Amino acid sequence: MEQYTEEIETLVGLQDREEAYYQLVTLYLNSPEQVRRYIRKNWNFNVEWIFPRPGELLFAKNQSRSIKERIMASLVHSSIHNPFKHYYRESLVLLAMEYNSCTLAGLDPDQMFEFAASVSDPEMAGHFRDFSARKPENKSMKAFGLETKTNSDGETEILTPWNDKNTCGKPGRQDMRTYHCPFCNRASDIDQETAEKPAVFCPHCKNDMTDGRESTAKMIGVLLAYMLALIYLLVLTTASYCAAVFGSRAPSISDWITCSGAGLIVLLLGVFCWRKYKPIRIPLLIVSGAAFFMALVVISVFLTC
């Protein structure tokens, strides 16, 4: 296993990200299941990967790989990250594009899908096999509203119903790139044209994925705000118990309303941090646990006075 992890680390650091992905595909297909499981679990290794755009799998000119290799690379990408976990409808359309690309290229789509299923986890393998087992009319181009158009190079492109513009006739490739969001820790597939914009926003949390400094500052700021809110709540709780224990005055309704309001703010802020900023979940748990422990200590001390 160590040999495979070292090879993956080499691919992660490779400058040519398209070549790195195709080499990863070869490694994925020719490795034991333990290695494939490791790749699926750690995808996308916090780096960018360039893989074929589903609508352009039939392109042959100026490509580094054959059409069959490009289709297999797309199937492997689906196998690795299982798009059904995020977008079910779009994932079905993706399988339809891959399936019909096989047909248009003169390949056996059922054989390609079965091979992809054999290297996938049980869930994704089920999606591959279920789609392949559909009736012909239920997996056709027409069933998913797909269209084919020919670009200026005479190559066939498959367009989806929600294509907002026709890329046919444009020079170069419209490859997809995988971005790793430092905010929500999710991987997103972004087309090349979008990736070249000054800001690339995560489709999940809507934050700019290209500004690592900004994302780190935001996460630290939110964590500090959460810590300050916890400290404020702890101080209010301590003051209330001090008043009750030492008899200076009984806790008033305003004390409990203030404490309850601060507690609600802390709870909401904690839930917000937990859902939006996955990388700080562990520090969040540590801070929350420490504050909870300190609150218990303070309460127990004053109750025994």
Side-chain angles (χ1 to χ4, degrees), residues 1-54 56-57 59-60 62-86 91 94-95 98 101-102 105 107 111-129 173-192 195 200 202 209-210 212 215 278-279 282:
M1 184 64 187
E2 184 178 353
Q3 174 187 351
Y4 292 106
T5 55
E6 290 179 356
E7 189 170 349
I8 292 172
E9 289 177 2
T10 301
L11 296 179
V12 167
L14 199 64
Q15 186 174 3
D16 188 339
R17 302 312 303 152
E18 182 182 34
E19 179 62 26
Y21 177 71
Y22 280 115
Q23 290 188 27
L24 183 71
V25 169
T26 302
L27 178 66
Y28 185 83
L29 295 176
N30 296 287
S31 299
E33 175 57 27
Q34 181 183 6
V35 179
R36 291 196 291 268
R37 194 181 306 118
Y38 174 81
I39 294 175
R40 290 193 292 264
K41 181 180 179 181
N42 294 279
W43 179 258
N44 59 358
F45 299 96
N46 296 332
V47 295
E48 175 192 30
W49 301 89
I50 300 179
F51 49 91
R53 181 176 180 265
E56 299 176 356
L57 298 177
F59 285 11
N62 302 319
Q63 304 295 331
S64 61
R65 296 296 191 279
S66 66
I67 292 178
K68 182 177 181 180
E69 289 175 308
R70 287 167 57 77
I71 294 175
M72 181 54 66
S74 182
L75 290 170
V76 167
H77 183 253
S78 299
S79 171
I80 291 175
H81 83 105
N82 188 357
F84 284 89
K85 293 181 179 179
H86 308 291
S91 300
L94 170 62
L95 292 189
E98 293 169 338
S101 291
C102 292
L107 304 172
Q111 184 179 9
M112 295 282 284
F113 267 53
E114 179 56 35
F115 183 75
S118 68
V119 297
S120 304
D121 61 20
E123 180 183 352
M124 191 60 210
H127 290 305
F128 279 128
R129 293 187 174 113
R173 301 189 307 275
Q174 295 293 320
D175 287 331
M176 303 293 285
R177 300 187 178 204
T178 300
Y179 272 85
H180 185 269
C181 179
F183 287 96
C184 64
N185 208 29
R186 295 183 184 179
S188 304
D189 299 335
I190 308 295
D191 63 85
Q192 185 176 351
V200 180
C202 176
M209 297 186 290
T210 60
S215 63
K278 289 185 179 181
I282 294 179

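Any value given below was found using the heavy atoms of this structure, including those in side chains, with hydrogens, waters and symmetry copies removed. As the structure is a prediction and not an experimental result, all values here were calculated from the model.
Looking only at side-chain heavy atoms (C-beta outward), Phe51 and Val76 stay at 4.5 Å or farther from each other. The shortest side-chain heavy-atom distance between Val119 and Phe128 does not fall under the 4.5 Å cut-off. Contact annotation: the side chain of Phe59 never approaches that of Pro52 to less than 4.5 Å [non-hydrogen atoms, C-beta and beyond]. Side chains of Ser78 and Glu98 form a contact here, defined as non-hydrogen atoms less than 4.5 Å apart. Side chains of Met112 and Lys68 form a contact here, defined as non-hydrogen atoms less than 4.5 Å apart.
We find the CG-CD1 distance between Leu24 and Ile80 to be 5.0 Å, quoted to the nearest 0.5 Å. Taken to the nearest 0.5 Å, the NE2 atom of His81 stands 14.0 Å off from the CH2 atom of Trp49. Considering CZ of Arg70 and OG of Ser101, their distance stands at 9.5 Å, rounded to 0.5 Å. Summarising the geometry, atom CZ belonging to Arg65 is positioned 6.5 Å from atom OH belonging to Tyr22; distances are rounded to the nearest 0.5 Å. For the atom pair Cys102 SG and Met72 CE, the distance stands at 7.5 Å (nearest 0.5 Å). With rounding to the nearest 0.5 Å, the separation of OG in Ser74 from CD in Glu56 is 11.5 Å.
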- Ser31/Tyr38 under side chain to side chain donor-acceptor pair (under 3.5 Å): CA gap, chis, key distance, verdict: CA-CA 11 Å; Ser31 299; Tyr38 174 81; over 6 Å; no
- Message: Asp16 vs Tyr21, test: side chain to side chain contact (heavy atoms under 4.5 Å, CB included). Steps then yes/no.
- Response: CA-CA 9 Å; Asp16 188 339; Tyr21 177 71; over 6 Å; no
- Apply the test side chain to side chain donor-acceptor pair (under 3.5 Å) to residues Glu19 and Gln23: give CA-CA distance (whole Å), side-chain angles for both, the deciding distance (0.1 Å), then the verdict. CA-CA 6 Å; Glu19 179 62 26; Gln23 290 188 27; 3.1 Å; yes
- Message: Set out, in order, the CA-CA distance, both residues' side-chain angles and the distance that settles side chain to side chain contact (heavy atoms under 4.5 Å, CB included) for Glu69 and Gln63, then state yes or no.
- Response: CA-CA 11 Å; Glu69 289 175 308; Gln63 304 295 331; over 6 Å; no
- Message: One pair to check against side chain to side chain contact (heavy atoms under 4.5 Å, CB included): Leu29 and Phe115. What are the steps and the verdict?
- Response: CA-CA 10 Å; Leu29 295 176; Phe115 183 75; 3.7 Å; yes
- Task: Test side chain to side chain contact (heavy atoms under 4.5 Å, CB included) on Asn82 and Arg40 and set out the steps.
- Result: CA-CA 9 Å; Asn82 188 357; Arg40 290 193 292 264; over 6 Å; no
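Aromatic ring orientation, Trp43 versus His77: perpendicular (interplanar angle above 60°, classes split at 30° and 60°).
In terms of heavy-atom proximity, Ser120 sits nearest to Ala125 at CB-N, 3.8 Å.
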